[in-house]
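Report on one structure; see the data block that follows.
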Amino acid sequence: MLFNSLDYILFFIVFTFIYFLVTAKFRWILLLAASYFFYMCWKWEFVFLIIFSTLVDFYCGIKMSNAESFSKRKLFLFVSLITNIGVLFYFKYFDFFTASINQFSGSNFQPLNLILPMGISFYTFQTMAYSIDIYKRKINAETHLGKFALYVSFFPQLVAGPIERADKLLPQFQFNNNKFKFENFISGTTQVLFGLYKKVVVADLIAIYVESIYGTYELYTGFTLLFATYLFAIQIYCDFSGYTDIAIGSARILGYDLMENFRTPYFSKSITEFWRRWHISLSSWLRDYLYINLGGNRKGRILTYRNLMITMLLGGLWHGASWNFVIWGFLHGLYLGLERLFKFPSYIDSKSTIAKLVSGVICFNLVCLAWIFFRAETLSKSIGIISRIFEIEFFLNLNIKDTNIFMSIIFNIMIFLVLEKTIKNISKNKTTKSLKFSFIHAVLIILIVLFGVNEGSQFIYFQF
Amino acid sequence: MGKWIKYLVITFVLLFLMDKILGSILFQLKSNTYVGQSGGKINDFTENFQYANILAVGDSRCAHHVDPTILGKKSYNLSHNGMSLIFHTGLIDELLSANKNIKIDTLILNVSLKELTYPTKNHFNDIQFLKFYHGKNKWITKHINQIKDYEKYKFIFSTYSYNGDFSTTLLNSLFKKKSSNFLNGFTPNPESPRDSINVAWQLKRTNNKLVTDNFYVSKINQNYLLHISEICNKKGIKFICFASPTYSQESIPNKFKQSLGSFFKSNDIIFLDYSNAFYKHKELQNIWLWKDVFHLNRKGAKVFSNILRKDLNSTDSYLGQRLEAFGGQKSN
């Protein structure tokens with residue numbers, strides 16, 4: 001069941017209605033059942049994988065919490081991490097590693113060709129964070145299996161995050177006596193509708209254009225490829241932040257707060273700033289549980305750069321089992337390393353507005369360069385696209401392909417920018433004046449009806 | 001409770017008003033536009049022409065290949081890029097079944113051989129590009145409603161009829177409202193210096209073979225073709241199908257040729273196969289006539305349209321040759 005389907009909208013309306021009719025004490029049962037149902041609508045077999053992860057982490061959590069000795073805690077942390085990483089490796093990385101070994105050594109290991117369970121990277125990271133936090137005595141283990149299972153499988157954020165921390169989400173399940181609040185409903189609905197608009201209008205329209213250009217890139221001029229890459233940057237932002245908005249909005253209507261995952265990342269002046277504003281739940285996860293544990297910036301200059309690079313390489317690999325994602329991570333690691341070397345973020349903060357603007361443009365282009373590796377299916381294709389962009393002979397001329405799609409994209413990007421600012425301002429003012437919201441909701445619905453792509457396409461981040 | 005009611009009432013009233021006002025404006029704009037493939041051209045033909053000696057319908061390989069002015073002064077090309085058979089069937093149904101004033105002598109329909117054997121889900125979805133006729137044309141309405149379970153409910157919004165069509169409706173009506181299709185609906189592919197490079201590159205990586213293990217016209221496509229044939233029979237229109245040429249030969253298995261031949265023959269539909277015309281007509285081997293492997297450019301369209309004109313002028317004898325090639329017999 002995709003967020004951008006009528007199935008989900010109907011499911012959510014019916015569920016919300018029943019949810020607020022049920023006594024607060026038993027709501028977690030309903031929420032857990034709905035979460036498993038939501039996941040089983042995709043492939044019912046894989047719900048057992050979530051249950052398996054839940055049971056292992058629940059058991060290890062209790063054991064760690066009760067353990068007095070450090071070694072025992074370490075042992076159960078090890079069991080939890082090995083189980084989670086093992087499952088992730090088996091489903092996501094086994095074929096990649098065997099293919100790479102075969103390529104380099106000439107061996108002939110057979111691939112498993114398994115279906116990748118949806119959202120596995122997200123819920124695995126969430127449960128690993130839980131285990132590490134208990135190990136570090138930051139939180140106590142959850143003693144209620146049902147509520148812990150809900151923490152792992154909470155349907156609004158199950159398949160593509162935000163990757164929530166236990167200390168923030170678990171307490172919300174303890175005794176949720178939320179009433180069906182008008183304020184929550186209004187702001188949640190605004191976010192859901194805006195998320196839907198970003199996904200089914202902006203991202204899906206751009207996807208048609210980008211797909212046609214990247215699919216046969218040799219046919220197009222450098223400028224067309226550059227333009228398609230810029231559009232892909234907007235597509236992936238609208239696709240992923242659109243999903244996140246629907247997740248956060250849905251949760252808010254039910255009375256739960258999920259963390260912010262994006263803060264207009266393309267307006268960043270440096271790559272360092274970009275990573276504070278892009279996929280915040282993952283970047284903060286990588287910082288807290290990987291970079292800092294590797295030593296962070298506390299062990300000298302060289303090791304800091306090493307730690308940065310390892311973090312970003314693994315961050316790249318988290319997205320997918322392919323060398324393209326590794327290179328994407330490498331490029332970001334390189335950017336961050338260079339910025340740190342030249343103390344760029346603090347330098348640019350002290351400069352004039354024009355310098356900041358130029359820096360923002362450069363930063364956006366660097367991010368786009370990395371997106372080419374993210375979007376192109378193979379390494380040779382990525383290199384082909386980049387070299388074509390820099391071929392002066394073929395640079396000029398923009399191929400707009402389908403005028404209708406092209407005009408709709410341009411029109412909706414402008415509308416999107418206006419709406420993002422307007423919605424942000426209204427949310428800041430915390431106003432609940434019906435007229436403003438009624439108008440915005442009606443406009444968003446009309447825009448979705450007029451421009452929405454009806455193919456019911458998947459969210460890009462579902463594959464991770 | 002008061003704020004809930006206030007919010008709901010205001011939202012529904014606003015939504016209703018916006019939808020109705022915008023729907024009416026778009027209806028007016030779309031009805032008075034005479035350019036653009038998914039509306040304007042239809043208006044242009046139904047209002048400015050109404051009669052065609054030869055009407056060409058098909059996808060981009062008809063839109064860019066068939067110059068109706070070469071086929072005859074009173075010919076028209078009503079093709080739409082990227083559309084499959086379901087779209088063309090809906091269009092012909094709307095044009096000929098619903099519209100009593102239209103007169104056509106010969107209808108030529110470009111068919112894709114690959115699509116004939118294996119229509120995909122995307123092919124069926126092409127009918128949604130005729131959403132403007134939902135509720136107005138029975139055949140189109142029925143097939144749009146079959147896309148998804150909830151599809152018909154989306155038409156509660158009158159603006160949904162213009163879904164995916166808003167920008168061009170607006171642009172065409174604002175800037176090109178009165179310009180008619182001076183090429184009789186033909187949309188030539190302008191030549192460019194990159195054409196030969198594109199063809200050479202595509203030849204290297206494109207699989208131009210008709211890869212199929214299904215050697216029969218799929219049942220669903222048979223139904224579409226028979227529906228068009230039935231309309232043509234009722235209206236006394238000669239119905240001819242043709243397959244467009246490609247830069248290199250599409251490899252069509254004999255078994256498929258035979259089944260195609262017997263399908264068209266048993267249903268009395270003339271079929272002109274140009275899928276291997278690249279080898280039969282040496283003039284098409286000039287790389288400068290091609291935009292890419294699948295599409296001729298403006299110069300190429302002239303060459304092909306002349307070949308097509310000759311064949312259409314001698315359809316009866318040509319039909320005999322074709323059917324023999326397919327293992328069939330000439331129909332009377």
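Below, chains carry the letters A, B, ... as their sequence lines are ordered, and counting in each starts from 1.
You'll find the side chain of A:F180 reaches within 4.5 Å of the side chain of B:W4, heavy atoms only. Taking 4.5 Å as the limit, every side-chain heavy atom of A:L435 sits out of range of all side-chain heavy atoms of B:K6. For the pair A:S438 and B:F12, the minimum side-chain heavy-atom distance is 4.5 Å or more. No side-chain heavy atom of A:V449 sits under 4.5 Å from any side-chain heavy atom of B:Y162. Under the 4.5 Å side-chain criterion, counting only non-hydrogen atoms from C-beta, A:M407 is in contact with B:L171. A 4.5 Å side-chain heavy-atom check between B:Y150 and A:L10 finds at least one atom pair inside the cut-off.
We find the CG-CG distance between B:D149 and A:L6 to be 10.0 Å, quoted to the nearest 0.5 Å. Distance check: A:I448 CD1 to B:K154 NZ gives 11.5 Å after rounding to the nearest 0.5 Å. B:M18 contributes atom CE, which lies 9.5 Å from atom CD1 of A:I445 (distance to the nearest 0.5 angstrom). Of the inter-residue distances, the one linking B:S167 atom OG with A:F406 atom CZ reads 11.0 Å to the nearest 0.5 angstrom.
More than 12 heavy atoms of other residues, nucleotides or ligands lie within 6.0 Å of CG in A:L21, so this atom counts as buried by the packing criterion. Summarising the local packing, CZ of A:F37 is surrounded by 12 or fewer heavy atoms from other residues, nucleotides or ligands at distances under 6.0 Å. Heavy-atom contacts from other residues, nucleotides or ligands closer than 6.0 Å to NZ of A:K381 number more than 12.
Residue B:L15 comes nearest to A:A442 through the heavy atom pair CD1-O, 3.6 Å, listed as atom of the first residue, atom of the second, then distance.
Using a 4.5 Å cut-off between heavy atoms, B:F157 touches chain A through its side chain atoms alone. Of the atoms belonging to A:F185, it is side-chain heavy atoms, and not backbone ones, that fall under 4.5 Å from chain B. Heavy atoms of B:K291 lying under 4.5 Å from chain A are absent altogether. In this structure, chain B has heavy atoms under 4.5 Å from both the backbone and the side chain of A:V443.
If you tally non-hydrogen atom pairs under 4.5 Å between each of B:T11, B:D292, B:N81, B:L17 and chain A, the highest count goes to B:T11. Ranked by heavy-atom pairs shorter than 4.5 Å toward chain A, the options B:T168, B:L22, B:T159, B:N163 are led by B:N163.
A search for side chain to side chain donor-acceptor pair (under 3.5 Å) contacts involving A:E211 returns A:R375, not counting sequence neighbours. Scored by the side chain to side chain contact (heavy atoms under 4.5 Å, CB included) test, A:K421 finds A:N425 as partners (sequence neighbours excluded). With sequence neighbours excluded, the residues forming a side chain to side chain donor-acceptor pair (under 3.5 Å) with B:S158 are B:D19, listed by chain and number.
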Practice item. Decide yes or no on side chain to side chain contact (heavy atoms under 4.5 Å, CB included) for B:Y7 and A:H441, but give the supporting numbers first. Key: CA-CA 10 Å; B:Y7 163 78; A:H441 293 178; 2.6 Å; yes
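Residues from residues 409-420 of chain A that place a non-hydrogen atom less than 4.5 Å from a non-hydrogen atom of chain B comprise A:F411, given in numerical order.
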